[in-house]
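Structure record follows, encoded as structure tokens.
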Amino acid sequence: MAGAPRHPPIMRSVIPINQNWHFKQADKPDDAYLPVAQFPTNIHLDLLHHGLIPDPFPGKNELDVQWVGETVWVYRTAFATPPEKSSGAKAVLAFDGLDTFATVRLNGKTVLETDNMFVPERVDVTSDLRDSGEENELVISFDAAYFRGWKLVDEHPEHKWGCWNGDNSRLPVRKAQYHWGWDWGPVLLTCGPWRPVNLEIYHSRLTDLYVDVDVESSLNSAKVVAHASTEGEASSVRFDISLGDKTVASETVDVGGHDAVATFKVQNPELWYPIRYGQQPLYTIKATLLDGHHGREADSVSKRIGLRRAELVQRPLDGQPGTSFFFRVNNVPVFCGGSDWIPADNFLPRVSPERYRDWVRLVADGNQFMIRVWGGGIYEDQAFYDACDEMGVLVWQDFMFGCGNYPAYPEILASIEREARANVKLLRHHPCLVIWAGNNEDYQFAEQNGLNYDPSDMDPDSWLRTDFPARYIYEKLLPDVCSDLIPDTYYHPGSPWGGSHTTDPTVGDIHQWNVWHGSQEKYQNFDKLVGRFVSEFGMEAFPSIKTIDEGFLAGGKTDPDRYPQSSTVDFHNKAAGHERRLALYLVENMRYAPDPIEHFVYCTQLMQAECLSSAYRLWKREWRGPGREYCGGALVWQTNDCWPVTSWSICDYYLRPKHAYYTVKREMAPLSVGMARREREQEHRSRGSSSTVDAEEEEKKKHSRVGIEREVRIEIWGSNLTLEDLTVDCVVKAWDVETGEETFSKTVSAAHLLPANRSTEVAVLPVPVRSSRASGNGEKRLEQDRTVVAAYLYRDGKQLARYVNWPEPLKYLHLQKPRQLRVALSDDERSVRISAEVPVKGVAVECNDDDGVRFDDNLVDVVPGETVSIGVSGASRETVFTTQYLGMMA
């Protein structure tokens with residue numbers, strides 16, 4: 001038959017080019033080549049493997065390795081031409097990721113030049129490979145991104161360059177922006193083959209496989225349209241949809257113009273839900289390419305998909321201005337409590353699929369519904385999204401732009417479009433992905449730096465002539481790509497974005513940084529700082545003392561810089577003004593001392609925990625049901641760290657949870673109770689006092705007493721995130737923090753209805769409190785509330801939720817050291833039980849060898865008359881538990 005291959009077609013083969021790689025500095029002779037540490041790899045890992053640089057993380061070693069990012073490096077390998085090549089098949093070298101300015105030579109011929117870390121590249125090398133069985137030499141040179149970036153800046157003087165974090169050389173370079181350093185990360189400019197390299201041999205192949213899923217509003221059926229794109233002479237594609245080992249549907253269709261499409265109707269589909277709202281069944285869609293001349297299978301590709309409806313709801317609200325901003329999945333509105341994700345390491349090739357899974361498991365186990373992939377990092381590895389699919393964690397995905405005024409000259413626009421198309425295609429099958437956003441804080445940068453652009457101008461071409469040409473990327477280029485490739489997934493121009501400005505709390509999302517940054521508000525006032533969706537907020541804290549010993553200090557526990565204010569410890573905090581800001585919030589809220597460092601670490605983590613739990617509690621209160629979704633989500637900055645550091649993360653580089661992780665977990669539990677304390681002093685005169693007593697004398701007597709009687713108004717609400725209406729009893733108790741005496745106990749609301757999936761006000765009641773004289777001069781004296789109030793929700797006598805509210809600021813309290821703080825392992829060794837005879841704030845349970853012990857909860861408040869139980873695994877009768885709590889060092 002005319003046009004038929006001379007040889008029978010072969011099944012596409014994929015041969016990893018992952019062996020015999022060596023590297024060297026470009027200006028060194030060939031005998032300087034050394035074997036790589038692993039593959040894929042990057043230059044720092046290889047230099048570190050051979051002891052040619054110190055570990056950049058401990059001490060100030062980061063400063064000693066800056067030369068690495070300013071140097072040209074070369075990688076090479078040799079591989080044999082496979083026998084399949086003799087069949088007349090096509091040969092392609094596929095590079096999944098080259099970081100960043102790479103020149104690829106095969107057998108001495110330049111076959112590829114790259115300038116974008118995020119774009120997978122394919123090169124036809126059919127005519128460049130040597131004969132079957134012969135060796136081929138593959139050489140990749142990596143130029144210094146730092147100098148290439150500055151060269152591009154110089155070539156475009158018309159652009160108004162500027163950024164937060166790093167320097168301007170990062171803006172024209174399509175490379176992970178955090179490599180230039182951030183306010184939580186080091187400057188480590190990597191290069192190398194950071195993702196796999198493969199040789200593909202084939203006559204025909206599948207170039208793409210994707211599905212459009214339309215679940216009917218009734219949820220009773222789903223239409224699945226499968227699309228396959230092909231290359232070569234194959235004539236048909238067989239599509240198979242399966243769930244587990246059960247085939248759901250199958251159809252073979254002809255290829256027309258290199259595309260094949262099949263439509264399936266799935267009745268009563270097993271729907272994919274976010275965690276806690278249902279299961280996460282994953283269907284497999286498989287496309288098999290069939291050769292028309294011989295009827296053989298030429299190629300096959302499989303992807304796992306989820307059948308679900310996902311919407312972003314933006315509609316007018318009852319009683320408040322603006323519009324809602326919340327996600328609805330399978331008709332279920334979801335309050336998206338979660339966190340923001342940065343890359344898990346500065347050296348990405350060593351983040352294994354298992355480590356990704358461990359990170360996502362931490363998120364899911366922490367009662368978090370959403371994780372936001374931040375725009376200064378990378379489009380993450382498939383293993384990350386696979387884990388989110390399997391565990392039901394929704395993903396907010398940024399495109400990779402962050403905190404700057406990006407250029408938009410023709411060459412970079414073309415590169416960005418290739419990048420966007422490639423990565424949307426790679427990720428669009430994941431059911432966890434529910435939103436794509438154009439950038440992180442670039443609109444905010446434009447606003448705060450007075451860039452000249454008119455938001456009312458709707459002519460995209462004119463945007464390219466303004467001081468903010470990147471608007472063309474975010475409002476024209478990227479939305480066009482998304483409209484073409486993922487029309488059913490919401491595209492958001494940026495984060496934050498919406499309303500008349502990026503800080504508009506009534507429309508879109510906001511980044512709430514007026515705690516820590518900005519006006520440095522008190523975190524107790526988070527209820528006044530709410531937005532429709534808060535996609536960033538946070539508070540810093542030191543990591544675990546073990547992380548400090550292992551990752552900060554070159555000398556470990558004996559390092560002379562092992563104290564909180566040392567230069568080495570400060571070096572491991574990249575935030576501007578962190579010394580003042582951390583000290584400000586500490587001194588405003590609690591008594592603390594810098595020594596010993598273990599207790600200082602505890603105090604910073606307690607403060608972070610108090611701050612974040614306050615935000616979640618107060619903002620979740622505004623999730624008030626249909627038409628009143630005044631806040632639809634809160635994503636704390638940040639989930640994780642890329643190195644051992646003091647930062648806003650709630651889990652450190654070694655996956656060790658900070659105490660805030662547990663308070664966030666409690667606030668995002670299926671059922672929680674919240675309280676707000678509104679003080680109201682009452683006049684209480686002594687019994688039998690005469691009206692003839694001199695008023696001034698009576699006032700003196702009142703202020704001379706200890707235990708001044710006052711009242712506080714307690715507002716109580718319940719947050720029911722389940723899909724079931726609950727009827728609960730609410731009990732309120734109070735204790736004197738100084739004596740441990742119970743001063744109040746009352747069932748304030750019996751059989752109170754908490755409707756499903758919203759927060760509901762339960763009660764407002766006056767609670768008598770005792771006050772002590774706080775220090776003061778002259779006539780101005782402070783009367784310090786010393787009453788601790790706890791609220792409990794019960795159902796059929798079983799406690800479902802508790803929250804202990806303390807007078808603030810905590811630093812004014814005369815906290816008593818418990819004589820009997822009991823910490824005991826349960827008989828089944830699955831929980832730790834804690835009790836005390838006086839109120840104790842923030843009991844942190846630890847053990848000497850914590851690497852094998854995991855707590856389900858921690859940093860709990862203890863009040864007299866009850867025992868708090870926290871789950872534990874890995875503990876035994878030999879485990880020695882220790883505790884820290886607020887006031888123990890007083």
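Positions are given from 1, in the same order as the sequence printed here.
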Q: Look at atom CD of Q565 and say whether more than 12 heavy atoms of other residues, nucleotides or ligands are closer to it than 6.0 Å.
A: no
Atom NZ of K476 with >12 non-hydrogen neighbours under 6.0 angstrom: no
Does one side chain, of W436 or T489, offer a donor that lies under 3.5 Å from an acceptor on the other? no
### Query
Should the pair F325 and Y490 be assigned to parallel (<30°), tilted (30 to 60°) or perpendicular (>60°) ring geometry?
perpendicular
request  = Verify, without hydrogens or angle tests, whether N514 (side chain) and S519 (backbone) share a donor-acceptor contact under 3.5 angstrom.
outcome  = yes
If the threshold is 4.0 Å, N to carboxylate O, is there a salt bridge linking [X] and [Y]?
X: D652; Y: K658; value: no
X: R581; Y: E540; value: no
X: R418; Y: D115; value: no

Within 45° of the ring axis of Y33 and under 6.0 Å from its six-membered ring centre, is that where the NZ or CZ of R76 lies? yes
Across all chains, not counting sequence neighbours, the side-chain contact (heavy atoms from CB on, under 4.5 Å) partners of K160 are N405, L451, D467
Sorted by chain and residue number, the side-chain contact (heavy atoms from CB on, under 4.5 Å) partners of T114 (sequence neighbours excluded) come out as L98, A102, L112, E121
By salt bridge (Lys or Arg N to Asp or Glu O under 4.0 Å), D641 pairs with (sequence neighbours left out) none
